[in-house]
There are 2 protein chains.
Amino acid sequence: MAQEIPNNIFCQHDHRGCRATAMRGARAACRAANLRLTPMRARVLEILLESHKALGAYDILARLRAEGRSSQPPIVYRALDFLVSNGFAHRLERLNAFAACAHAEDRHQPMFLICESCHQVAEAPLDRLGQDIFARATKLGFQARSPVVEVSGLCPACQGDGEQ
Amino acid sequence: MAQEIPNNIFCQHDHRGCRATAMRGARAACRAANLRLTPMRARVLEILLESHKALGAYDILARLRAEGRSSQPPIVYRALDFLVSNGFAHRLERLNAFAACAHAEDRHQPMFLICESCHQVAEAPLDRLGQDIFARATKLGFQARSPVVEVSGLCPACQGDGEQ
DNA sequence: GGGGGTATGTTATAAAATAACAATAGGGGG
DNA sequence: CCCCCTATTGTTATTTTATAACATACCCCC
């Protein structure tokens with residue numbers, strides 16, 4: 001069923017398994033690195049994993065509140081800080097929003113494809129492009145640390161729709 | 001005096017001339033394209049051109065107010081919208097800030113080098129990297145429209161400073 | 001079972017952006 | 001010249017995103 005486009009969440013896939021794998025991976029990684037995936041942090045990650053859309057911090061906050069946890073912005077931002085700094089989630093700069101990491105298991109530089117129509121976000125490895133960006137920066141005398149690559153456009157499913 | 005690193009504003013350069021050229025270019029481009037570079041828009045562009053740092057909308061607002069123009073956020077945002085959509089300025093997504101365009105004369109895809117120490121922002125042409133990003137997106141079935149590439153790091157002058 | 005570090009809870013506020021509507025300015029056609 | 005149309009600027013209020021500062025609770029280790 002899943003199309004043969006690697007690393008692309010736009011295609012049909014077993015999302016339940018996708019979520020479960022990610023959560024298991026995160027738990028394992030935390031155990032290995034002696035990080036504490038507390039209930040709060042785990043819950044925020046689960047919420048991010050529910051879809052491949054990016055969520056604003058206040059969207060997550062609303063979800064937590066709907067679940068009865070009294071919650072305030074700093075709580076969400078702190079959980080997100082944890083998830084982002086340990087590679088379990090990413091911040092999308094163009095959207096001021098966050099998405100679960102699709103490949104937390106390997107250390108990678110991500111590149112994001114953001115569908116302007118359905119708002120899904122796919123993460124692809126930057127690979128050689130990242131090296132090329134570093135090389136270009138170096139040639140300009142700049143010591144690059146962290147590159148952000150975010151591409152807006154239309155995902156496979158939304159192309160041809162009259163831009164709904 | 002200016003080093004031989006092309007398209008790089010980090011090196012010493014005649015900034016007065018840099019500014020004047022950019023303003024002249026913008027005026028000419030507006031005349032050619034029948035766009036109105038009104039006093040307000042021109043002033044905002046001048047403010048952006050005063051340095052190669054990115055300015056937040058509210059920094060610009062404060063400048064305008066200091067000059068006696070009564071001004072409110074929408075005025076600044078509208079001027080910035082004009083400048084950005086016509087290629088005279090860019091928005092830096094990572095910084096929620098704006099910088100004058102260094103190469104408004106040619107239509108290009110920009111890449112930004114952001115110094116974490118002195119906060120100067122250099123704009124380099126994305127060139128082939130942009131095409132590579134498009135190609136990668138296409139291979140994943142994604143129809144790319146606008147790529148954002150922003151690299152944080154250290155500019156030539158700030159490397160070796162113990163990170164001040 | 002007390003102490004120190006980490007995490008969460010709470011209040012308040014800062015920073016960035018936009019909605020909605022009013023007033024005004026410029027520019028072509030009568 | 002004047003009127004109308006449109007683009008721009010002005011103003012008020014509000015929304016959205018993010019953080020500062022400090023209190024409380026939790027947990028592991030000794």
Side-chain angles (χ1 to χ4, degrees), chain A residues 26-27 30-31 33-48 53-86 88-99 114 119 148 150, chain B residues 26-27 30-31 33-48 53-86 88-99 114 119 148 150:
Chain A
R27 290 195 192 282
C30 285
R31 223 173 300 118
N34 205 25
L35 296 168
R36 298 175 54 197
L37 190 60
T38 61
M40 186 74 234
R41 292 165 174 175
R43 187 68 198 116
V44 170
L45 181 53
E46 280 171 4
I47 290 171
L48 287 177
K53 298 187 182 173
L55 294 181
Y58 282 75
D59 297 331
I60 297 169
L61 182 57
R63 290 290 313 272
L64 292 174
R65 283 178 169 161
E67 293 170 3
R69 313 188 178 225
S70 90
S71 210
Q72 294 295 329
I75 293 183
V76 173
Y77 280 102
R78 287 189 291 227
L80 288 168
D81 280 350
F82 171 86
L83 296 173
V84 169
S85 34
N86 294 292
F88 304 123
H90 298 288
R91 184 189 162 82
L92 289 144
E93 301 291 347
R94 290 183 92 149
L95 304 177
N96 292 140
F98 301 83
I114 303 167
H119 302 111
V148 162
E150 296 178 3
Chain B
R27 290 195 192 283
C30 285
R31 223 172 300 117
N34 204 26
L35 296 169
R36 298 175 54 198
L37 191 60
T38 61
M40 186 73 233
R41 292 164 174 175
R43 187 67 199 115
V44 170
L45 181 54
E46 281 171 3
I47 290 171
L48 287 177
K53 298 186 181 171
L55 295 181
Y58 282 73
D59 297 332
I60 297 169
L61 182 57
R63 291 289 315 272
L64 291 174
R65 282 178 170 160
E67 293 170 5
R69 313 189 177 224
S70 89
S71 209
Q72 295 296 328
I75 292 180
V76 173
Y77 281 102
R78 287 190 290 228
L80 288 168
D81 280 349
F82 172 87
L83 296 173
V84 169
S85 34
N86 294 293
F88 304 123
H90 298 288
R91 183 189 162 83
L92 289 144
E93 301 292 346
R94 289 184 95 152
L95 305 177
N96 291 141
F98 300 83
I114 303 167
H119 302 111
V148 162
E150 296 178 5

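Worth saying up front: this structure is predicted, and the values here are computed from it rather than measured. Note on naming: letters A, B, ... go to the chains in the order of the sequence lines (proteins, then strands), and numbering restarts at 1 for each one.
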Open item on the list: Rounding to an integer number of Å, can you tell me how far D59(A) CG sits from dA18(D) P?
Closed with: 11 Å
Open item on the list: When you measure from the side-chain N and O atoms of N96(B) to the phosphate of dA17(C), is any distance below 4.0 Å, counting only OP1 and OP2?
Closed with: yes
- [ ] Return the value, rounded to whole Å, for the distance between atom CG of L95(B) and atom P of dT17(D).
- [x] 18 Å
- [ ] Any chance you could list the contact pattern along nucleotides 8-15 of chain C? Use B for base contacts, S for sugar-phosphate-only contacts and - for none, protein heavy atoms under 4.0 Å, 5' to 3'.
- [x] BBBB----
- [ ] May I have the distance from L80(A) (atom CG) to dT17(D) (atom C1'), rounded to whole angstrom?
- [x] 12 Å
- [ ] Whole angstrom is fine here: how far is it from OH in Y77(B) over to C1' in dT9(D)?
- [x] 17 Å
Task: Counterpart residues, salt bridge (charged side-chain N to carboxylate O under 4.0 Å, His left out), relative to R91(B) (two or more places apart) - done: E93(B)
Task: Spacing of N34(B) atom CG relative to dG26(C) atom C1', expressed in whole Å - done: 13 Å
- [ ] Report yes if the side chains of I47(A) and D59(A) come closer than 4.5 Å at any heavy-atom pair, otherwise no.
- [x] no
Open item on the list: Tell me whether the side-chain N/O atoms of R36(B) come closer than 4.0 Å to OP1 or OP2 in dT6(D).
Closed with: no
Open item on the list: My understanding is that only residues two or more places apart in sequence, or in another chain, count here; which of them pass side chain to side chain contact (heavy atoms under 4.5 Å, CB included) with R27(A)?
Closed with: M23(A), R31(A), L37(A), A42(A), E46(A)
TODO: Fit a plane to each ring of Y58(A) and Y77(A), take the angle between them on a 0 to 90° scale, and name the class: parallel (under 30°), tilted (30 to 60°) or perpendicular (over 60°).
DONE: perpendicular
- [ ] Round to the nearest Å and state the distance from L55(A) atom CG to dT17(D) atom C1'.
- [x] 14 Å
Task: E93(A) CD - dA17(C) C1' separation (whole Å) - done: 17 Å
- [ ] By nearest nucleotide on DNA chain D, pick out whichever of F98(A) and F82(B) is the more 5' one.
- [x] F82(B)
TODO: Provide the full list of side chain to side chain donor-acceptor pair (under 3.5 Å) pairs with a residue in residues 33-42 of chain A, sequence neighbours left out, each pair given once.
DONE: none
Task: Set of side chain to side chain contact (heavy atoms under 4.5 Å, CB included) partners for R78(B), sequence neighbours left out - done: P74(B), I75(B)
- [ ] Using a 4.5 Å cut-off on heavy atoms from C-beta on, say whether the side chain of L80(A) contacts that of F98(A).
- [x] yes
TODO: Looking at every strand, decide which applies to R69(B) at a 4.0 Å heavy-atom threshold: base, sugar-phosphate, or nothing.
DONE: nothing
TODO: Take the protein atom CG of D81(B) and the nucleotide atom P of dA7(D), then report the distance between them rounded to whole Å.
DONE: 15 Å
